[in-house]
Amino acid sequence: MYTLAACAEMVFLDLPIDERARRIHDAGFQVEIWDWTRHDLAALARTPADFSSMTGYIRGSLTDEEGAAELLSTAEESLKAAEQLGCPRLNLHGTGLDGQGLPVVPVTGEVTGEMWIAAHRTLTRLAELGESAGVVFTLENLNTAVDHPGVPFATAADTLALVAAVDRPGLRMNLDLYHAQIGEGNLIELVRRAHALGLIGEIQVADVPGRREPGTGEINYPAVARALGLGYEGTVAMEAWASGDSELALERFRSAFTV
């Protein structure tokens, strides 16, 4: 069966990040964080938490030479931070995001063939870095309709195509079902296809609309959980804002994915 995790950036918001990690751990979940540069890594390392994922870069992009160099350089810094926390996965996006989730360098118009080639080259180099360090970089799909307009390679289809084209164990897909529901739908078939290809590094979940915990919106997460129960053994992480009490949100998440 899969392992459950929760994002410490989105629950217990009245507490310091290390105390959030403790509370999530005490509730029986692994812990995810976002931008590690904003946190006291030593304090987090002193907690009993098992860290499942963190942001794998600070700046940069996949598609231009200067941005790729920055992405690779800051990925190397992120690998050192991941080692400090014992974190096995480092998450990526098509380009750097600002504090509001908007792309630092948005793409206007169609993503070109040259951009695909550059992204493939950059992701291959990232996969090599991950393999050398014994960790996995994960490329996350995003939605452009609500949260992340202007991000290239945002759809689950594009993300999956890039990961499949690179075809290295150091790169997998972070399949975010909240973003996929907004952008594409057909979640169970998407999960089955990505799993059959062996390309899922992690699955993230939140309900639609509102990006709250499972059970607050339109997605039938128990049905998704039953599909995952047919062979997925990775991590399912709640990357969702608590609709009210954080402990209740975690229990709703656990209930939705207990099959």
* To do: Quick one: do D50 and F29 satisfy side-chain contact (heavy atoms from CB on, under 4.5 Å)? Show the steps, please.
  => CA-CA 8 Å; D50 294 318; F29 300 90; over 6 Å; no
Please output the side-chain donor-acceptor pairs of residues 150-171 that fall under 3.5 Å, not counting sequence neighbours, one pair per line with the distance.
from, atom 1, to, atom 2, distance (Å)
T155, OG1, D158, N, 3.0
T159, OG1, F153, O, 3.2
T159, OG1, T155, O, 2.9
R168, NE, E131, OE1, 3.4
R168, NE, E131, OE2, 3.2
R168, NH2, E131, OE1, 2.6

Item to complete: Might you work through the side-chain contact (heavy atoms from CB on, under 4.5 Å) test for L44 and L85, ending with a clear yes or no?
Response: CA-CA 7 Å; L44 286 170; L85 296 182; 3.9 Å; yes
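- Residues meeting the ring pair (Phe, Tyr, Trp, His ring centres under 6.0 Å) test with W34, sequence neighbours left out: none.
- The cluster map of Ile, Leu, Val, Met, Phe, Trp and Tyr, joined by side-chain heavy atoms under 4.5 Å apart, puts V136 and V236 in different clusters.
- No donor-acceptor distance shorter than 3.5 angstrom exists from the side chain of T138 to the backbone of N174, with no hydrogens or angles considered.
- Remark: the backbone N or O of E128 is paired with a side-chain donor or acceptor of S132 at under 3.5 angstrom.
- Both L197 and L177 are part of a single hydrophobic cluster, where members link through side-chain heavy atoms under 4.5 Å apart.
- Taking the side chain as every heavy atom from C-beta outward, Y232 and I203 approach each other to under 4.5 Å.
- No side-chain donor-acceptor contact under 3.5 Å links N91 to the backbone of G56.
- Taking both residues in full, the closest heavy atoms of V31 and A8 are given as CG1-CB, 3.9 Å, listed atom of the first, atom of the second, then distance.
- Formation of a donor-acceptor pair under 3.5 Å by the S255 side chain with backbone atoms of E251 is not found in this model.
- Residue pairs meeting the salt bridge (charged side-chain N to carboxylate O under 4.0 Å, His left out) criterion with at least one member in residues 132-154: none, sequence neighbours excluded.
- L97 and M10 are members of different hydrophobic clusters when ILVMFWY side chains are connected at heavy-atom separations under 4.5 Å.
- Note: the hydrophobic cluster containing V11 also contains I17 (ILVMFWY, side chain heavy atoms under 4.5 Å, direct or indirect links).
- The list of ring pair (Phe, Tyr, Trp, His ring centres under 6.0 Å) pairs with a residue in residues 157-212, not counting sequence neighbours, reads H148-H179.
- Judged by distance alone, the side chain of Y57 and the main-chain N or O of T95 form a donor-acceptor pair under 3.5 Å.
- Looking at heavy atoms from C-beta onward, W241 lies in side-chain contact with L13 at the 4.5 angstrom threshold.
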Practice item. Show your working on salt bridge (Lys or Arg N to Asp or Glu O under 4.0 Å) between E9 and R38 and close with a plain yes or no. Key: CA-CA 11 Å; E9 312 281 354; R38 300 187 294 110; 3.3 Å; yes
| Going through the checks in order, is the side-chain contact (heavy atoms from CB on, under 4.5 Å) test met by E233 and M1? | CA-CA 5 Å; E233 297 180 350; M1 286 292 292; over 6 Å; no
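- Looking at R254, its side chain does come within 3.5 Å of a backbone N or O of A27 through a donor-acceptor pair.
- Using a 3.5 Å distance cut-off with no hydrogens or angles, the side chains of R252 and T216 do not pair a donor with an acceptor.
- Taking each heavy atom of A5 and S52 in turn, the nearest pair found is CB-OG, 3.6 Å.
- For the residue pair A256 and A225, the shortest heavy atom distance occurs at O-CB, 3.5 Å.
- In terms of heavy atoms, L90 sits closest to A82 at CD2-CB, 3.9 Å.
- Note that OG of S243 and CZ of R211 are 15.0 Å apart. Values are rounded to the nearest 0.5 Å.
- The heavy-atom pair separating A242 from R212 by the smallest distance is O-NH1, 3.4 Å.
- The environment of CD in E189 is crowded: more than 12 heavy-atom neighbours from other residues, nucleotides or ligands sit within 6.0 Å.
- We find that E202 and R172 are not joined by a salt bridge, their nearest charged nitrogen and carboxylate oxygen being 4.0 Å or further apart.
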Yes or no on side-chain contact (heavy atoms from CB on, under 4.5 Å) for L71 and R59, after CA distance, side-chain angles and deciding distance? CA-CA 6 Å; L71 182 68; R59 297 172 303 278; over 6 Å; no
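- Note that the CG atom of D18 and the CZ atom of R22 stand 6.5 Å from one another [nearest 0.5 Å].
- Here R121 contributes atom CZ and L62 contributes atom CG; the two are 11.0 Å apart, rounded to the nearest 0.5 Å.
- Judged by distance alone, with hydrogens and angles left aside, the side-chain atoms of D207 form a donor-acceptor pair with the main-chain N or O of E218 at under 3.5 Å.
- With respect to the salt-bridge test (charged N to carboxylate O, under 4.0 angstrom), the residues R89 and E32 do not qualify.
- Remark: S78 OG to L126 CG distance equals 10.0 Å, nearest 0.5 Å.
- Looking only at distances, no side-chain donor or acceptor of Q30 sits under 3.5 Å from a matching main-chain atom of H25.
- Residues I117 and M115 do not share a hydrophobic cluster, defined by chaining ILVMFWY side chains whose heavy atoms lie under 4.5 Å apart.
- For E184, there are no salt bridge (Lys or Arg N to Asp or Glu O under 4.0 Å) partners two or more places apart in sequence or in a different chain.
- Contacts of F257 classified as ring pair (Phe, Tyr, Trp, His ring centres under 6.0 Å), with partners at least two apart in sequence or in another chain: Y221, F253.
- One distance of note links CD1 of I24 with CG of L4; it measures 12.5 Å at 0.5 Å rounding.
- Nearest heavy atoms, A194 versus I200: CB-CG1, 3.6 Å.
- Proximity of a side-chain donor or acceptor of R20 to a complementary backbone N or O of F12 within less than 3.5 Å is detected.
- To the nearest 0.5 angstrom, S53 atom OG is 6.5 Å from Q204 atom CD.
- Under the 4.5 Å side-chain criterion, counting only non-hydrogen atoms from C-beta, E76 is in contact with L129.
- Looking at T74, its side chain does come within 3.5 Å of a backbone N or O of I58 through a donor-acceptor pair.
- Counted within 6.0 Å of CD on E110, heavy atoms from surrounding residues, nucleotides or ligands total 12 or fewer; the atom is thus considered open.
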